[in-house]
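Single-structure report; data block below.
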2 protein chains.
Amino acid sequence: MSISSRFSVGIHILALIEINKNGTSTSEFLAGSVNTNPAVIRKIIGMLKGAGLVKVQPGIAGAELAKNLSDITLFDVYKAVNVVQEKELFSVHDNPNPDCPVGRNIQAAIVPVFEAAQKALEKSLGNVSVENVVDDIIKKENIS
Amino acid sequence: MSISSRFSVGIHILALIEINKNGTSTSEFLAGSVNTNPAVIRKIIGMLKGAGLVKVQPGIAGAELAKNLSDITLFDVYKAVNVVQEKELFSVHDNPNPDCPVGRNIQAAIVPVFEAAQKALEKSLGNVSVENVVDDIIKKENIS
DNA sequence: TTACATGTAACTATCATAGTTACAACTAGA
DNA sequence: TCTAGTTGTAACTATGATAGTTACATGTAA
Ligand code: FES
Ligand code: FES
């Protein structure tokens, strides 16, 4: 199991819109950098738009940032592209046997632990902004 | 996306072996509590055995714990049943465009952040032992 | 009116999960 | 030694998500 690359692509898109801010970031342009199909980009941009992270309009070329990148954390992107449902990072087998002491209690015993772990993951993502990522890219680019 | 229920089933199996320690925990017995097929249980028990968590022998009925449950954390089970590969909780789209400043740097910029998040998740799982889960089950069972 | 973008639907290929059936290998007890 | 019962595995199926692809209606602006 792996969390969908929509997440990394979403970050990529936001970073590239920023770095290309003097140009026009069409889905085709973005697709060229990510190396995928423009329709895939448009789908993901639609999700970012739904979360209020970018501005796009039908017929008008180019996506723009709707917020300052320092106000967008990776957790925001993660939520926007919907790669993991609320409280459902871990799946729990359903229909355990209610006639068994373990079967009728293990879900209640396990779920809070799973939720805490998911929270820890998400908190970690919330500590990094997309601006941090862009700064890192710029730094790496200047060195090499 | 969701992490395989092999994980929750693995925890279930270990907890039930403990609670049923005076009886014989065959794959059929365990399957009755988890509510699945005995072959599914045998596959998962094989993984738990590979990680040194349980003892089983061909032809001999019943699985037993190979360690004290207080020495088995949920992280140990998680590793054992192989639900998430090392450093691969998040998938990153490959083949980004090397001619693009973002394309050629974003992987290096993102991967450490993803790894830190995965580590946070795993550390959280490491804080809970299967014994904690069993104790919780017993407590819930006595109250109700 | 023309050229070009976005938004979406429909479809495909690929893969992991979970379950199912079947059977060989093995053990222990009659 | 036979027999019954169990584990370990392979092979197969059904289901669902991912990622990509094509196509096209809708919309904008020169
Ligand atoms: S089936 Fe999940 S704990 Fe019993
Ligand atoms: S950062 Fe992933 S393709 Fe560019």
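All of these numbers come straight from a predicted model, not from anything done at the bench. Throughout, a chain's letter reflects where its sequence line sits, starting with A, and its residues are numbered from 1.
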What nucleotide among [options] has an atom nearest to a side-chain atom of [X]?
X	options	answer
A/Lys43	D/dT21, D/dT7, D/dA19	D/dT21
B/Pro58	C/dA18, D/dG8, C/dG19	D/dG8
A/Arg42	C/dA5, D/dA23, C/dG19	D/dA23

For [X] and [N], give me the distance from atom [atom1] to atom [atom2], rounded to whole Å.
X	N	atom1	atom2	value
A/Leu48	C/dG7	CG	C1'	14 Å
B/Phe29	D/dG5	CZ	P	18 Å
B/Asn37	C/dA22	CG	C1'	11 Å
B/Asp94	D/dA19	CG	P	10 Å
B/Ile44	D/dT9	CD1	C1'	15 Å
A/Phe7	D/dT18	CZ	P	14 Å
B/Glu28	C/dT20	CD	P	14 Å
B/Met47	D/dG8	CE	P	13 Å

Next on the checklist: Test side chain to side chain donor-acceptor pair (under 3.5 Å) on B/Ser33 and A/Asn97; report intermediate values, then the result.
Outcome noted: CA-CA 5 Å; B/Ser33 172; A/Asn97 188 342; 5.9 Å; no

Checklist entry - Start at the 5' end of DNA chain D and walk down; is the nucleotide closest to B/Lys49 or to A/Ile60 reached first? => result B/Lys49

Item to check | Pairwise 5' ranking along DNA chain D for A/Ile3 and A/Ala39, keeping only the more 5' one | outcome: A/Ile3

Checklist entry - Between A/Ser4 and A/Val83, is any pair of side-chain heavy atoms under 4.5 Å apart? => result yes

Item to check | A/Phe29 vs A/Val34 side-chain heavy atoms within contact, under 4.5 Å | outcome: no

Tell me whether the side-chain N/O atoms of [X] come closer than 4.0 Å to OP1 or OP2 in [N].
X	N	value
A/Thr36	D/dA19	no
B/Ser91	D/dT18	no
B/Thr26	D/dT7	no
A/Ser4	D/dA19	yes
A/Ser27	C/dA5	no

Checklist entry - Closer to the 5' end of DNA chain C via nearest nucleotide, is it B/Val83 or B/Gln57? => result B/Val83

Checklist outcome for this item: In terms of heavy-atom contacts, B/Phe90 and B/Ala117 come closest through CE1-CB, 4.0 Å

Checklist entry - How would you label the contact of B/Val40 with the nucleic acid (heavy atoms, under 4.0 Å): base, sugar-phosphate, or nothing? => result base

Checklist entry - Any chance the side chains of A/Asn127 and A/Ser124 put a donor and an acceptor closer than 3.5 Å? => result no

